[in-house]
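Please read the structure below before turning to the comments.
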Protein chains: 2
Amino acid sequence: MSMTEMHDATETAANERDVTDLVLEDILTGVLPAGTWLKQIDLEKRYACTRPEVRRALDRLSQKRLVEHVPNRGYHVYQPDGRRAQEVSDIRVILETAVADLMVERATPESIARLRELASHFDRMTMVGTVLEHYEANLAFHRELLLLSGNNELVDLVSEIRQRTSSAPVSQWRTRARVERSAREHHMMVDALEARDVADLKRLIEAHIRQTGDTAPAESAARQA
Amino acid sequence: MSMTEMHDATETAANERDVTDLVLEDILTGVLPAGTWLKQIDLEKRYACTRPEVRRALDRLSQKRLVEHVPNRGYHVYQPDGRRAQEVSDIRVILETAVADLMVERATPESIARLRELASHFDRMTMVGTVLEHYEANLAFHRELLLLSGNNELVDLVSEIRQRTSSAPVSQWRTRARVERSAREHHMMVDALEARDVADLKRLIEAHIRQTGDTAPAESAARQA
DNA sequence: GTATCCTAAATTGGCGCCAATTTTGGTAAC
DNA sequence: GTTACCAAAATTGGCGCCAATTTAGGATAC
C-alpha cells in the first residue's frame with residue numbers, strides 16, 4: 001500500500017458508521033433513554049437498515065452491557081447503575097493515574113501543543129457544539145493524553161469502559177459549573193504536564209474523573225453555604 | 001419467581017455453553033491455533049450448530065479481537081502479538097496491585113481458607129488435569145482473590161482482558177518449572193494475605209503476572225550460571 | 001374502579017436459500 | 001521449474017419467510 005492508498009483506506013473506515021455506532025450514539029446522547037425498548041423493527045426504520053444488521057448491532061451492544069437482551073422480549077437500554085459507575089470510575093482512576101509518570105516522561109512540546117488545542121476545542125464545543133460534539137471533544141482530549149502512556153491497550157480499554165456507564169454525556173455534566181470546571185481542569189492538566197509535575201497531574205486526573213470539587217476552594221465554600 | 005424457579009434458571013444458565021465459549025476454549029487450548037481459518041461451515045459441523053450461531057460467535061470473538069474478520073474471506077485466529085501481551089500485562093499489574101490493600105483489608109478467615117483450597121486445586125490440576133482444567137483452576141484462584149477488592153467491574157474486566165493475549169494456556173506456561181513456581185506463588189499470596197502484608201502481596205502479584213523469577217534466589221542464581 | 005380472560009396484532013428468533021466472492025486445482029505456455 | 005489463465009468447487013454474506021412468543025387492547029365480571 002502506498003501512502004495514498006493508506007489515506008483512502010483510513011478515510012473509508014473513518015466515514016463508515018455502522019448501526020452499532022448509530023445506536024450507541026443515540027443511547028449516549030439520551031435520544032434512546034435508559035429503559036427504552038429497542039424494537040428491532042423500529043430500529044430497521046430508524047436507521048434505514050436490515051434486520052440482520054440491527055441484530056448484530058444489538059448483540060454487540062449487549063455484549064458491552066449497554067443494552068440488555070431478554071429472550072423473546074427483545075432488547076432494552078440498561079438503567080443506570082450507580083454502583084457500576086462508581087466501580088468504573090475507580091478503575092479509571094487507578095489506570096489513568098498509574099500512567100501519569102509515563103505521560104510526563106513522554107510529553108513533547110508538540111504533544112503539549114496538541115493537547116492545548118484539544119482543550120480549547122472542548123471549550124468551543126461547550127459554547128457552540130451539540131451534545132455529541134461536546135462529548136467527542138472530551139474523548140479526543142483524554143485519548144490524546146492517554147496516548148502519551150505508550151500503552152495502546154490501555155488507551156483502548158479506557159475508551160471502552162467509559163462507554164459503560166454514567167461517563168456518557170447525558171449524565172456526566174449535570175450543571176454548567178461542572179462543565180466549566182472540566183474545561184479548566186483540562187488546561188490545568190496540560191499545565192502540570194508541561195511543568196512535569198507528576199503529583200499534580202495525578203491529583204487533577206483523579207479529581208476530574210471523580211468530578212470532585214476540591215480544585216477550587218472558592219467554589220467549595222459557596223457549595224457549603 | 002420463587003426460590004425454586006430461581007434455582008432452576010441459574011442452573012440452566014450455568015450449564016449452557018454456547019458456541020462462543022466452545023470456540024474460545026479451542027482457541028485458548030491450542031486446538032485452533034493462531035492463524036487458523038475458521039470456516040463457518042466447518043464450525044457448524046464441529047460444534048453441531050447452525051450458521052447463524054456460528055456467525056454470532058465469530059462476530060463476538062472478533063469484537064474481542066481474538067479472531068480477525070476479513071470481508072468475503074472469513075475469520076481467522078489472530079497471531080500472538082508480543083507488544084499487546086506486554087501492554088495487557090502492564091495493565092493487569094496496575095489494576096491488581098492497586099487493589100491489594102483492599103484485598104488485605106477485606107480478607108476473612110473464610111475467604112483465606114477458600115483461596116487455600118483453590119490454590120491446592122490448582123496444584124492438583126497441574127498433576128492430573130487437562131490443559132483446560134488447569135487453566136480454569138488458575139482463573140478460579142485469581143478471580144476469588146480479585147473478588148476481595150469489592151469491585152465487580154474490575155473483576156470482570158481483568159477476566160476479559162486476560163483472554164486477549166498470551167495469558168491463554170497455550171502460551172502461558174512454557175516450562176514445568178514455571179508452572180510449579182506459579183503454584184508456589186499462589187500459596188505465597190495467600191500467606192501474604194493472611195499476614196496482612198500489602199507490600200508482599202503487591203510484589204507477588206506483579207512477579208506472578210510478569211512471570212519473573214525473582215521470588216526464588218536459589219533459582220535465580222542457577223539461571224545466571 | 002380493578003382483575004381476568006381472550007384474541008388479534010406485533011415482535012422475536014431462526015431457518016433455508018441463493019447470489020456474490022474467493023479458493024482451489026488443473027492445464028497451457030514459457 | 002514458474003507464471004498465467006480458467007472453470008469448478010467452496011465459502012461468505014445477506015435476504016426473505018414464517019413459526020413461536022409476547023404484547024396490547026377490548027370485553028366481561030366483580
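So that the names make sense, note that chain A is the first sequence line, chain B the second, and so on, each numbered from 1.
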Task: Residue among His186(B), Arg162(B), Arg92(B) satisfying side-chain hydrogen bond (donor to acceptor under 3.5 Å, both in side chains) with His142(B) - done: His186(B)
Open item on the list: As a test of understanding, state which of Arg73(B), His76(B), Gln79(B) forms a side-chain hydrogen bond (donor to acceptor under 3.5 Å, both in side chains) with Glu68(B).
Closed with: His76(B)
Open item on the list: Please determine whether a side-chain nitrogen of the Lys or Arg among Glu110(A) and Arg114(A) lies less than 4.0 Å from a carboxylate oxygen of the Asp or Glu.
Closed with: no
- [ ] Taking the six-membered ring for Trp and the full ring for Phe, Tyr or His, determine whether the centres of His134(A) and Phe122(A) are under 6.0 Å apart.
- [x] yes
Open item on the list: What does the B/S/- profile of nucleotides 10-23 of chain D look like, 5' to 3', with a 4.0 Å heavy-atom cutoff to protein?
Closed with: -SBBBB-----SSS
Task: Any donor-acceptor N/O pair, Glu153(B) side chain to Arg84(A) backbone, under 3.5 Å - done: no
